[in-house]
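Read the structure below first, then the notes.
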Amino acid sequence: MEKILQSKRWTEQRARAWQESRGWLCGFNFLPSSAVNSTEMWQSSTWDETTIARELRWAQSIGFNCCRVFLQF
């Protein structure tokens, strides 16, 4: 098992090249403006895909490249 894991492990140079090709992570905690809390964001009756997509596009346009979303269920 250990031999299998070692053969699939990236070299330090490969890992560094991969990270450098992506740049720094620049992110934020996300909750759409149409939800008052994370529970409301995920409920089927209040899910607002249009607002979520629009706000994530805004974030991308100003340079964010990742976000964190709280999944409580």
Side-chain angles (χ1 to χ4, degrees):
M1 178 78 168
E2 186 175 324
K3 196 173 203 177
I4 294 170
L5 293 176
Q6 286 178 347
S7 67
K8 293 185 179 197
R9 184 175 179 172
W10 285 6
T11 64
E12 182 179 335
Q13 293 80 15
R14 183 177 177 191
R16 186 175 308 281
W18 176 86
Q19 189 279 324
E20 288 174 356
S21 73
R22 287 168 173 55
W24 284 95
L25 294 178
C26 180
F28 57 97
N29 296 325
F30 180 68
L31 184 66
S33 61
S34 59
V36 296
N37 57 42
S38 58
T39 301
E40 185 177 23
M41 175 183 176
W42 295 106
Q43 291 178 331
S44 60
S45 61
T46 55
W47 175 255
D48 187 356
E49 188 171 346
T50 303
T51 299
I52 293 168
R54 181 183 66 241
E55 292 177 358
L56 290 176
R57 281 193 305 273
W58 289 344
Q60 185 180 25
S61 74
I62 61 173
F64 289 107
N65 58 17
C66 63
C67 72
R68 178 174 30 197
V69 178
F70 179 69
L71 303 173
Q72 78 185 63
F73 298 110

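Hydrogens, waters and symmetry mates play no part in the numbers below; they use all other heavy atoms, side chains included.
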### Task
Just jot down the side chain to side chain contact (heavy atoms under 4.5 Å, CB included) partners of Thr50, sequence neighbours excluded, or say none.
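Side chain to side chain contact (heavy atoms under 4.5 Å, CB included) check on Thr50 returns Asp48.
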### All side chain to side chain contact (heavy atoms under 4.5 Å, CB included) counterparts of Arg14, not counting sequence neighbours
Trp10, Thr11
Please list, one pair per line, the donor and acceptor atoms closer than 3.5 Å that link side chains of residues 52-60 to other protein atoms, with sequence neighbours excluded.
| residue | atom | partner | partner atom | Å |
| --- | --- | --- | --- | --- |
| Glu55 | OE1 | Ser33 | N | 3.1 |
| Glu55 | OE2 | Ser33 | N | 3.3 |
| Glu55 | OE2 | Ser33 | OG | 2.4 |

### Query
Does Glu49 have any salt bridge (charged side-chain N to carboxylate O under 4.0 Å, His left out) partners at least two apart in sequence or in another chain, and if so, which?
none
### Task
Nearest 0.5 Å please: distance from the CH2 atom of Trp42 over to the CG atom of Asn37.
13.0 Å
Can you give each donor-acceptor pair under 3.5 Å made by side-chain atoms of residues 24-31, sequence neighbours left out, with the distance rounded to 0.1 Å?
| residue | atom | partner | partner atom | Å |
| --- | --- | --- | --- | --- |
| Asn29 | OD1 | Arg68 | NE | 2.7 |
| Asn29 | OD1 | Arg68 | NH2 | 3.0 |

#### Entry: Test side-chain hydrogen bond (donor to acceptor under 3.5 Å, both in side chains) applied to Gln43 - qualifying residues, sequence neighbours left out
none
### Message
Tell me which pairs pass salt bridge (Lys or Arg N to Asp or Glu O under 4.0 Å) where either residue lies in residues 16-43, with sequence neighbours left out.
### Response
Glu12-Arg16
